[in-house]
Number of protein chains: 2
Amino acid sequence: MPRDGRIVRGRLEQAALDLFAEHGFDGTTTEQIAARAGVTERTYFRHFPDKREVLFASEEELREVTVAAIESIPAGVEPLEALHQAFHDVVPLLVRNRQLAALRAPIIMAAPALREREHAKTAALIDLVQEALVKRNIDERSALLCARVGMGVFSTAIRRWATGSATDLHDEVDGAFADLATMAASLDERRPA
Amino acid sequence: MPRDGRIVRGRLEQAALDLFAEHGFDGTTTEQIAARAGVTERTYFRHFPDKREVLFASEEELREVTVAAIESIPAGVEPLEALHQAFHDVVPLLVRNRQLAALRAPIIMAAPALREREHAKTAALIDLVQEALVKRNIDERSALLCARVGMGVFSTAIRRWATGSATDLHDEVDGAFADLATMAASLDERRPA
DNA sequence: GTCTATATCGCGATAGAC
DNA sequence: GTCTATCGCGATATAGAC
């Protein structure tokens with residue numbers, strides 16, 4: 001069996017994807033995943049801290065690319081607009097991973113435990129986005145608001161793109177930000193009783 | 001021991017709060033929680049589906065109050081402004097629970113498993129808010145965006161209120177929505193290259 | 001209520017890769 | 001030979017089945 005960790009890791013990911021798709025998350029044991037990848041259960045846990053994480057290895061790249069995209073936006077751009085522009089730079093990665101995402105989505109949807117992990121990943125990404133904004137000299141409070149709102153808009157665009165018919169993700173991003181602008185513009189100024 | 005399920009439930013919640021605070025989430029077993037509440041471990045699992053859920057029983061009320069608040073806003077109000085106004089109606093509940101929230105927060109922060117559960121609860125609430133907006137005849141796509149953005153703003157206000165010095169939560173809500181309006185107003189119209 | 005499956009992790013031994 | 005990935009065994013606690 002291969003001694004190269006990266007190969008074993010990839011085989012574990014593929015094995016988990018197959019088994020989860022076939023028997024569901026709860027219907028699959030870590031032992032089965034390890035066996036299909038040709039290693040022992042103990043080895044599985046040296047690569048992934050728990051049973052869920054094997055499905056989220058690809059998120060790593062998303063985080064790196066997103067942070068890098070924000071950092072590449074010129075300093076003068078207003079924070080929310082900076083996110084808007086940065087998200088366009090993330091689009092190619094998502095387009096490239098669309099096939100894999102389509103395989104993962106139904107698996108994750110079907111298992112509450114996996115949905116929890118996904119939400120945690122999203123929250124972690126929001127934190128990273130906030131940090132990236134703070135580095136742009138946005139104060140921490142505004143950065144948090146901006147990161148949450150911006151990521152909310154982005155996720156909505158992604159969802160529309162992934163579930164809808166063949167649209168362009170760039171267009172969905174612009175559309176979602178335009179929707180936000182419209183919604184926010186109609187906010188009342190007066191404090192309600 | 002009391003036969004009344006609600007009493008046992010409350011004692012389990014209190015026991016868990018105490019033990020988690022003292023030994024941390026990972027350092028506490030469900031057996032210990034049950035023992036301190038004067039019941040068997042089996043009884044614990046009849047009240048709560050897993051070890052984490054005992055800390056989130058109070059979220060139930062938040063969901064009900066939030067949905068009711070949205071439903072009570074007049075039909076003509078624009079969706080995001082409707083959320084803004086509805087959130088003010090949720091404030092009293094949060095103020096009343098502030099003490100408990102202050103005890104729970106550090107426990108949840110310290111345990112990744114609990115943070116995951118909290119994010120899942122937030123996501124579930126966003127779904128409920130979206131549903132409530134759909135009932136106001138907002139189309140599903142806009143409702144999702146509005147729910148995500150609105151809840152993002154609201155959580156930010158709550159965070160500012162909970163972590164900052166003695167401010168009024170109403171003011172934080174208004175402030176966060178005002179910040180959103182400012183940010184969104186500066187969004188560029190043109191599509192970036 | 002009891003019993004059991006299985007996720008998770010510690011430890012020492014082993015065996016490819018360089 | 002030195003690493004480091006993997007193995008083999010064992011222990012514990014959650015969670016669900018009977």
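Every chain is numbered from 1, with letters handed out A, B, ... down the list of sequences.
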Q. Is the shortest distance from a Lys or Arg side-chain nitrogen in E61(A) or R96(A) to a carboxylate oxygen in the other one below 4.0 Å?
A. yes

Q) In whole angstroms, how far is the P atom of dA15(D) from the OH atom of Y44(B)? A) 8 Å

Q: Taking the side chain as every heavy atom from C-beta outward, state whether E81(A) and F177(A) have any atom pair closer than 4.5 Å.
A: no

(Q) Whether H47(A) contacts dA5(D) is assessed here as follows: a side-chain N or O lying under 4.0 Å from the phosphate OP1 or OP2. Is that the case? (A) no

(Q) Rounding to an integer number of Å, can you tell me how far I33(A) CD1 sits from dT8(C) C1'? (A) 13 Å

**Q.** Separation of dC11(C) P from E41(A) CD (nearest whole Å)
**A.** 18 Å

(Q) Does T43(B) reach a base, just sugar-phosphate, or nothing at all? Heavy atoms under 4.0 Å. (A) nothing

Q. dT8(C) P sits how many Å from R52(A) CZ, rounded?
A. 7 Å

(Q) Looking only at the side chain of T29(A) (C-beta and beyond, no hydrogens), which of the listed nucleotides dT6(C), dC7(D), dA13(D) gets closest? (A) dT6(C)

Q: Kindly determine whether R52(A) and E118(A) satisfy side-chain contact (heavy atoms from CB on, under 4.5 Å), including the steps that lead there.
A: CA-CA 10 Å; R52(A) 303 171 206 168; E118(A) 179 152 85; over 6 Å; no

Q | Cation over ring face, R104(A) and F56(A), 6.0 Å, 45° | A | yes

Q.
OP1 or OP2 of dG8(D) versus the side-chain N and O atoms of T40(A): is any pair under 4.0 Å?
A. no

Q: Report the distance from atom CG of D50(A) to atom C1' of dT8(C), rounded to the nearest whole Å.
A: 9 Å

Q. Does T30(B) have a side-chain nitrogen or oxygen under 4.0 Å from the phosphate oxygens OP1 or OP2 of dT14(D)?
A. yes

**Q.** Value in whole Å for how far the P atom of dA15(D) lies from NZ of K51(A)
**A.** 13 Å

Q.
I need the CZ-C1' distance between R42(A) and dT14(C), as an integer number of Å.
A. 15 Å

Q: Provide, to the nearest angstrom, the distance between the CZ atom belonging to F45(A) and the P atom belonging to dC7(D).
A: 14 Å

